[in-house]
2 protein chains.
Amino acid sequence: MRPKIPSAGNVTVLERLRDAGLRPTRQRLALAKLLFARGHRHVSAEQLFNEAKAQRVDVSLATVYNALHDFTSKDLLREISIDSSSSYFDTNTGDHHHFYFEQSGRLEDIAAHQVSIAALPAPPGGAKISRVDVIVRLKG
Amino acid sequence: MRPKIPSAGNVTVLERLRDAGLRPTRQRLALAKLLFARGHRHVSAEQLFNEAKAQRVDVSLATVYNALHDFTSKDLLREISIDSSSSYFDTNTGDHHHFYFEQSGRLEDIAAHQVSIAALPAPPGGAKISRVDVIVRLKG
DNA sequence: CAAGAAGATTAGAATTATTCTAAGTTGTTG
DNA sequence: CAACAACTTAGAATAATTCTAATCTTCTTG
Ligand SMILES: [Mn+2]
Ligand SMILES: [Mn+2]
Ligand SMILES: [Zn+2]
Ligand SMILES: [Zn+2]
């Protein structure tokens with residue numbers, strides 16, 4: 001069913017998982033392929049689960065959640081909470097910002113260099129900044 | 001138990017509700033007082049519910065949610081979703097931004113004038129900006 | 001003031017995203 | 001290959017939020 005020697009398309013994904021210290025299981029490979037195959041994406045757990053089902057990838061919802069969190073903790077993904085109804089996972093882990101289409105719930109990247117935050121007050125109590133998120137909410 | 005003629009402290013809150021087109025019920029008055037009595041706040045539904053209980057204000061959790069959403073729809077509050085675990089309601093509805101203490105989950109205001117966003121790309125498809133949120137996440 | 005209507009409250013059930021549990025399976029390493 | 005840790009999973013559990021439908025309150029009008 002699945003090759004011992006990974007087929008071409010899997011190689012990069014497999015290495016990516018190994019480099020991150022994650023075992024390249026069938027489930028993780030399939031999910032990583034869906035996530036990283038082409039371009040950057042913003043997906044919810046439910047969305048990814050449905051994509052997997054559509055492609056006959058047999059994986060449980062618990063595993064989708066586990067994988068998303070594992071990938072996030074290894075910096076292969078970034079978790080975004082904008083809409084209280086569910087989290088999004090962003091395959092773009094670099095420095096960037098977002099347009100948020102309020103009516104559809106869709107996210108679109110804004111390259112970091114397109115936004116310039118000229119001034120920011122010093123964090124209280126000498127705290128360290130872990131990241132600055134700019135969310136441009138769009139109506140209609 | 002409760003005065004027919006509102007006591008001094010209630011007057012402003014009562015007017016605020018009426019001006020917003022909301023009936024000043026006992027529950028809304030009590031919650032509005034907790035919310036707006038002093039300074040700006042960022043509270044969750046559960047937090048507000050607990051404060052009400054602590055002050056012997058008899059109000060159901062459903063009413064707390066109803067009031068928070070009613071107030072939000074009348075622009076007396078703003079809803080913020082940062083942490084996927086629950087929503088915050090912000091009594092500061094003016095233009096401003098936030099520090100977010102990742103470990104405690106606390107929010108602190110940053111005055112709008114303290115942040116300057118020099119450049120922003122035009123929204124795709126001619127969409128209109130409804131608001132720009134800057135969230136400075138603080139670790140530790 | 002006395003309806004009556006519109007609006008608000010509420011207990012408790014329902015919903016839903018997410019997490020947990022515990023048992024079985026698989027990947028890695030020597 | 002053996003042994004162990006890591007992973008997957010069905011299904012139960014959790015927790016924030018919403019819904020339902022019955023009961024109150026507030027407001028308006030005569
Ligand atoms: Mn999470
Ligand atoms: Mn809401
Ligand atoms: Zn992104
Ligand atoms: Zn605020």
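Computed from a prediction, not measured in an experiment: that's the story for all the values here.
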Open item on the list: Need one value for A:Ser85: base, sugar-phosphate or nothing, where a base atom within 4.0 Å counts as base even if backbone is also close, heavy atoms only.
Closed with: sugar-phosphate

Please determine whether a side-chain nitrogen of the Lys or Arg among [X] and [Y] lies less than 4.0 Å from a carboxylate oxygen of the Asp or Glu.
X        : Y        : result
A:Glu108 : A:Arg106 : yes
B:Glu102 : B:Lys139 : no
A:Asp58  : A:Lys53  : no

Distance in angstrom units between [X] [atom1] and [N] [atom2], rounded:
X       : N      : atom1 : atom2 : result
A:Asp83 : D:dA16 : CG    : P     : 17 Å
A:His69 : C:dT18 : NE2   : P     : 8 Å
A:Arg18 : C:dG27 : CZ    : C1'   : 9 Å

Task: Of the listed nucleotides D:dT8, D:dT17, C:dT10, the one nearest the side chain of B:Arg26 - done: C:dT10

TODO: Hey, can you tell me if A:Phe99 and A:Phe101 have their rings parallel, tilted or perpendicular (30° and 60° cut-offs)?
DONE: tilted

Task: Any residue meeting salt bridge (Lys or Arg N to Asp or Glu O under 4.0 Å) with A:Asp90, in chain and number order, not counting sequence neighbours - done: none

- [ ] Answer with yes or no whether the side chains of A:Asp83 and A:Tyr100 bring together a donor and an acceptor at under 3.5 Å.
- [x] yes

TODO: Kindly state which residues belonging to residues 59-67 of chain A come within less than 4.0 angstrom of DNA chain C, counting heavy atoms of the residue only, listed by number.
DONE: A:Leu61, A:Ala62, A:Tyr65

